[in-house]
*Asks:* 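Right, I'll just put the structure down here and ask away after.
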There are 2 protein chains.
Amino acid sequence: MSTISKALGLLDLFSEAHPRLGLTDVQRMTGRDKATVHRHLTALEEIGFLEQDAGTRAYRLGPAITRLAGMRARTVAEVEMVRSVIDALSRDAGELVHISRLQGFDLVDVYHAELHDHPVRVSFDAYGLPPLFATASGKAYLAFSTSGLLDMALADPRTVQEGAARPDPHAVAAELSQIAKRGYASNRDTLRIGVSSVAIPVFDASARAFATCSIAYPTSRGGARRAADLAALLMSRGRDITEAMGGAVPPDVQTIWTPEAERAAS
Amino acid sequence: MSTISKALGLLDLFSEAHPRLGLTDVQRMTGRDKATVHRHLTALEEIGFLEQDAGTRAYRLGPAITRLAGMRARTVAEVEMVRSVIDALSRDAGELVHISRLQGFDLVDVYHAELHDHPVRVSFDAYGLPPLFATASGKAYLAFSTSGLLDMALADPRTVQEGAARPDPHAVAAELSQIAKRGYASNRDTLRIGVSSVAIPVFDASARAFATCSIAYPTSRGGARRAADLAALLMSRGRDITEAMGGAVPPDVQTIWTPEAERAAS
DNA sequence: TCTATCGGTTCATTATTTGAACCACGCCAG
DNA sequence: CTGGCGTGGTTCAAATAATGAACCGATAGA
């Protein structure tokens, strides 16, 4: 293990629970020698990755991190920020992965990846056009937004005229509540016969949902547990996606798949 | 020089001018051996401080930086973020240093430091109450805001009723224009007899002024060149202050004191 | 095809990191 | 007041990790 990794790994020790750490705190958490830890801490402080409180001598995350994050925000496009995560997710799931952003009342594609070689693929030409209630992404978004947005979406004329069945507000609200509880939304042959999907929300710096990430797959490739498996995989990357885009996951959001949450929501 | 500093120093090579760097780019910029550079780059990539483009193999700033910056924003108070810079500035200037934020039409104190031992000190009890035109901070703020704010401030009834002399809009606009050109605002005995100050704006992530930093000093301690000297010192820290708070300095702002800018503005 | 340049790798040499012991300070209980 | 304990921080021989000249393979142009 390189000294670089060891030193930078120290930064990950700083959290909401432990925003300030003293030398011995870090020493205990890492199990490394005190002298080593001290040298790493001071090295990180010298370049501004940490700051030391003059009074308590405790360390906290430093200004260089904020400075570099600003540089990244200015020089790296939103697409680049999520590309590697989405690509990896697509490879691991073996399915089509989408990340979309709300514009008006549509979820428009930011980036998508389909890095597998199954001969059967999901077509997504019309992605983003269906009303929010019809897609897993849309439901994931609505479930983690203020209810005001749901009312507005219900009142949107385009939503109403789309398709034959006008959604029942109570049924929609009930489903969104389940989605919020278990942490992800899903669809099975609802929008298009043969296409299923699971989706989670992506949050911005104010911890508000502003985008979604979804996995779409042919229902034919999905056995009984496929949806749950893909949901678990998707949720395990949710925090990475949100944080790569500079966002923060609200503390009350279910971020890991568990059988308990699954049952509790149904 | 520790390997930690060497490796993390590589991150500073990434800029608006060079957002993506290849192995040999970095090698040339640093003069270090290619193997060394490569190991550093891959070490930084492994922990997410850099990302490598799958196609071009060029490196760019990675998601871990953004993630940690979010953590810092959530766990370190605004005051802590600037404390060390302001403290250092106060020590170096040997005067009272203020950082204030606009709330309504007042600049309210966020933090101040007076780390010197001169017997003569500036009182600042009423700081934040005078109208924006009367303080260097207020003028610094207005000079780097949209002119709409100036109009609103001029129309603000409290502004109008304060003091005897109602400000001449044209004179104010002319002064603000000079301030914008040279990069800082100054006052000499205008608000209170015996008190002078210099001030610069602080910008947020959208590169809009949202706060100010100022140095206040007794006019008695200020010779002919004191204002310019303090302004030069203040401006040299301006970028650090803005970036420590997660902001970005607009590219067209004068950020270093020069005799040319000083002359051009007057 | 030949050459230059790119990213990346290897392995003996070298220099840096490491850690047990040590120091100084502040705090608390007796 | 004092002695013990827990801090943060330092030292220097020993151990280990970083280094760099040479090398590899791929790619793009001339």
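Just so we're on the same page: letters track the sequence lines, and every chain starts at 1.
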*Asks:* Is it true that A/Arg221 and A/Glu95 make a salt bridge, defined as a side-chain N closer than 4.0 Å to a carboxylate O?
*Replies:* yes
*Asks:* Rounding to an integer number of Å, can you tell me how far B/Arg32 CZ sits from C/dT16 P?
*Replies:*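 To the nearest whole Å, that distance equals 13 Å.
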*Asks:* When the nearest nucleotide of DNA chain D is assigned to A/Thr56 and to A/Ala35 on a heavy-atom basis, which residue is associated with the more 5' position?
*Replies:*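 Closer to the 5' end of DNA chain D: A/Thr56.
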*Asks:* Nearest whole angstrom, please: distance from the P of C/dT10 to the CZ of B/Arg39.
*Replies:*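 Rounded to whole Å, this separation is 11 Å.
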*Asks:* Would you please test A/Asp229 and A/Arg225 for salt bridge (Lys or Arg N to Asp or Glu O under 4.0 Å) and show each step?
*Replies:* CA-CA 6 Å; A/Asp229 288 344; A/Arg225 293 198 38 80; 3.2 Å; yes
*Asks:* Please determine whether a side-chain nitrogen or oxygen atom of B/Arg28 lies at a distance below 4.0 Å from atom OP1 or OP2 of C/dT5.
*Replies:*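 No, outside the criterion.
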*Asks:* Please state how far atom NZ in A/Lys34 lies from atom C1' in D/dT7, giving the value in whole angstrom units.
*Replies:*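 Going from NZ in A/Lys34 over to C1' in D/dT7 covers 8 Å.
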*Asks:* Rounded to the Å, how far apart are A/His38 NE2 and D/dC12 C1'?
*Replies:*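 The answer, rounded to whole Å, is 17 Å.
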*Asks:* What is the distance, rounded to the nearest whole Å, between atom CG of B/Leu23 and atom P of D/dG25?
*Replies:* 18 Å
*Asks:* Would you mind checking if B/Asp12 and A/Arg67 are paired as a salt bridge, meaning a charged N to carboxylate O distance below 4.0 Å?
*Replies:* yes
*Asks:* Heavy-atom distance under 4.5 Å between the side chains of B/Ile86 and B/Cys213, does that happen here?
*Replies:* yes
*Asks:* If you assign A/Thr3 and B/Asp33 each to the DNA chain C nucleotide with the nearest heavy atom, which residue ends up on the more 5' nucleotide?
*Replies:* B/Asp33
*Asks:* Take atom CG of A/Leu50 and atom P of D/dG8, then tell me their distance rounded to the nearest Å.
*Replies:* 14 Å
*Asks:* Would you say the side-chain atoms of A/Arg32 pair up with the backbone N or O of A/Val26, donor to acceptor, closer than 3.5 Å?
*Replies:*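 Such a contact is absent between A/Arg32 side chain and A/Val26 backbone.
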*Asks:* Taking the nucleotide of DNA chain D with the nearest heavy atom to each, does A/Thr24 or B/Thr36 sit closer to the 5' end?
*Replies:*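 Closest to the 5' end, via its nearest nucleotide, is A/Thr24.
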*Asks:* Would you kindly give the NZ-to-P distance between B/Lys6 and D/dA18, to the nearest whole Å?
*Replies:*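 For the pair B/Lys6 NZ and D/dA18 P, the rounded distance is 10 Å.
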*Asks:* At less than 4.0 Å, is any side-chain N or O atom of A/His40 found next to OP1 or OP2 of C/dT17? Yes or no.
*Replies:*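 No, because none of the side-chain N or O atoms of A/His40 sits under 4.0 Å from OP1 or OP2 of C/dT17.
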*Asks:* When you check the phosphate oxygens OP1 and OP2 of C/dG8, does a side-chain N or O of B/Arg57 lie under 4.0 Å from one of them?
*Replies:* yes
*Asks:* Send over the distance from A/Gln27 CD to D/dT10 P, rounded to a whole Å.
*Replies:* 16 Å
*Asks:* Contact class for B/Ser2 vs. all strands (heavy atom < 4.0 Å): base, sugar-phosphate, or nothing?
*Replies:* sugar-phosphate
